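Notes for the one structure printed next.
Fair warning: this is a prediction, and the values are worked out from it, not measured in the lab. Below, all heavy atoms of this structure are taken into account, side chains as well, without hydrogens, waters or symmetry copies.
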Amino acid sequence: MNSHKNHPFHLVDVSPWPLMGAISAMIMMIGIIKWFHMFNNNLFFLGMMITMLVMYQWWRDISREGTFQGLHTFKVTIGLRWGMILFITSEVLFFISFFWGFFHSSLSPTIELGMLWPPKGIETFNPMQIPLLNTLILLTSGLTVTWAHHSLMENNYKQTSQGLLITVILGIYFSILQGYEYIESPFTIADAIYGSSFFMATGFHGLHVIIGTTFLLVCLIRHLNNHFSSIHHFGFEAAAWYWHFVDVVWLFLYISIYWWGS
């Protein structure tokens, strides 16, 4: 199909994954609603399982077309770069909305909150404990992913593997600590505007850490299968950009919500 073309662009083959992905996301969303109302999470896990199967097969197809079919030409990778830049920009705006809500409530707490921030009765986290450790973990992971990137550009296979592996382990460690923090939390998402601001912002950030860790894990597996070279590794570069974005969002979260807001 792609053997007789006189242009450097990539016209994608017919694929079932966008439609399947949309349907699986819908099943997962309906499953969350069912979980909240009927305390039954079977539909949510079904949707999640289908989503993961679709993700695996869609990513496999893209890896195949970029690595083995040579369809990701220079022109195509420029398009992919712009796509990633615009996606991260949209994510920045997504988090700005949470910070906007947080500062709107905290800079002038209303009479319903007792004109206090944090509201009366809310026992906040100590920013010098797990949140500080999590900050150090993410800053370190930013260093290790940069080390892996530079090693890849210098064709150093072993150090790229080590840097990526350490980054993935740090990402998993961060998620475990945040899960522990949630379990031990003295307040819930139902505790006034403080609870909802805190859990929406840190919860969505936690979800982004899990996505970023998965992204880097896929890059590690691809690297171990020799999919990347020093001049052809945009998949890894996109993952690194995303990880740095997650890192910066956490710094803002730590400074504003954990430290200043407590």
Side-chain angles (χ1 to χ4, degrees), residues 28 48-49 51-56 58-60 62-63 84-85 87-92 94-95 98 125 127-153 156-185 198-225 227-228 233-259:
M28 199 158 68
M48 198 162 159
M49 192 177 73
T51 305
M52 288 167 84
L53 288 167
V54 170
M55 273 161 51
Y56 172 77
W58 200 348
W59 294 352
R60 176 206 62 194
I62 293 169
S63 298
M84 195 66 198
I85 288 165
F87 169 64
I88 290 173
T89 306
S90 74
E91 292 277 78
V92 168
F94 174 76
F95 276 101
F98 293 132
F125 287 105
M128 292 299 139
Q129 291 178 347
I130 289 178
L132 182 62
L133 176 58
N134 267 344
T135 305
L136 292 172
I137 289 166
L138 274 192
L139 288 174
T140 309
S141 72
L143 285 173
T144 55
V145 80
T146 307
W147 168 41
H149 189 196
H150 282 265
S151 303
L152 181 57
M153 289 193 291
N156 191 328
Y157 180 88
K158 190 182 175 189
Q159 285 197 12
T160 307
S161 310
Q162 288 171 342
L164 264 173
L165 180 64
I166 293 167
T167 310
V168 169
I169 290 167
L170 288 170
I172 294 166
Y173 185 29
F174 177 94
S175 298
I176 291 167
L177 282 174
Q178 197 172 20
Y180 172 74
E181 186 179 72
Y182 277 15
I183 292 163
E184 295 290 308
S185 173
F198 177 88
F199 282 107
M200 282 297 283
T202 60
F204 267 112
H205 176 269
L207 181 67
H208 282 72
V209 170
I210 292 166
I211 293 165
T213 307
T214 310
F215 202 170
L216 288 164
L217 180 62
V218 169
C219 287
L220 176 61
I221 294 163
R222 288 188 66 195
H223 171 66
L224 296 174
N225 287 312
H227 284 199
F228 298 136
H233 57 258
F234 179 67
F236 172 73
E237 221 169 331
W241 289 356
Y242 189 78
W243 195 250
H244 288 310
F245 153 74
V246 166
D247 212 350
V248 171
V249 169
W250 175 259
L251 284 177
F252 280 103
L253 276 175
Y254 177 72
I255 291 164
S256 57
I257 295 178
Y258 281 100
W259 184 60

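- For the pair Thr144 and Leu165, the minimum side-chain heavy-atom distance is 4.5 Å or more.
- Within 6.0 Å of CE in Met52 there are 12 or fewer heavy atoms belonging to other residues, nucleotides or ligands.
- Screening residues 241-257 for salt bridge (charged side-chain N to carboxylate O under 4.0 Å, His left out) gives no qualifying pairs among residues at least two apart or on separate chains.
- The aromatic rings of Phe98 and Phe94 stand perpendicular to each other, their planes meeting at an angle above 60°, with 30° marking the opposite boundary.
- Thr135 places none of its side-chain heavy atoms less than 4.5 Å from the side chain of Tyr258.
- With sequence neighbours excluded, the residues that form a side chain to side chain contact (heavy atoms under 4.5 Å, CB included) with Ile137 are Leu133, Asn134, Leu170, Tyr173, Phe174, Leu177.
- Within the structure, salt bridge (charged side-chain N to carboxylate O under 4.0 Å, His left out) pairs that include any residue of residues 235-245 comprise Arg81-Glu237 (at least two apart or interchain).
- Contacts of Trp59 classified as side chain to side chain contact (heavy atoms under 4.5 Å, CB included), with partners at least two apart in sequence or in another chain: Met55, Thr214, Val218.
- Between Ser141 and Leu138, the closest side-chain pair of non-hydrogen atoms falls below 4.5 Å.
- Put simply, the side chain of Ile211 reaches to within 4.5 Å of the side chain of Tyr242, judged on heavy atoms.
- For Ala239, the side chain to side chain contact (heavy atoms under 4.5 Å, CB included) partners are Phe215, Leu216, Cys219, not counting sequence neighbours.
- No hydrogens or angles considered: a donor-acceptor pair under 3.5 Å links the side chains of His208 and Glu91.
- Between the His223 side chain and the Tyr157 main chain, a donor and an acceptor come within less than 3.5 Å of each other.
- For the side chain to side chain donor-acceptor pair (under 3.5 Å) test, no residue two or more places apart in sequence or in another chain qualifies with Thr160.
- Residue pairs meeting the salt bridge (charged side-chain N to carboxylate O under 4.0 Å, His left out) criterion with at least one member in residues 213-224: none, sequence neighbours excluded.
- With sequence neighbours excluded, no residue forms a salt bridge (charged side-chain N to carboxylate O under 4.0 Å, His left out) with Glu181.
- Contacts of Thr213 classified as side chain to side chain donor-acceptor pair (under 3.5 Å), with partners at least two apart in sequence or in another chain: none.
- In this structure, Tyr254 and Leu132 have side chains that are in contact, with non-hydrogen atoms separated by less than 4.5 Å.
- With sequence neighbours excluded, the residues forming a side chain to side chain donor-acceptor pair (under 3.5 Å) with Tyr182 are Thr202, listed by chain and number.
- Judged as a side chain to side chain contact (heavy atoms under 4.5 Å, CB included), and not counting sequence neighbours, the contacts of Gln159 are Trp147, Ser151, Asn156, Gln162.
- Summarising the geometry, atom CE belonging to Met84 is positioned 10.0 Å from atom OG1 belonging to Thr89; distances are rounded to the nearest 0.5 Å.
- Put simply, the side chain of Leu207 reaches to within 4.5 Å of the side chain of Phe204, judged on heavy atoms.
- Not counting sequence neighbours, Ser185 has no partner by the side chain to side chain donor-acceptor pair (under 3.5 Å) test.
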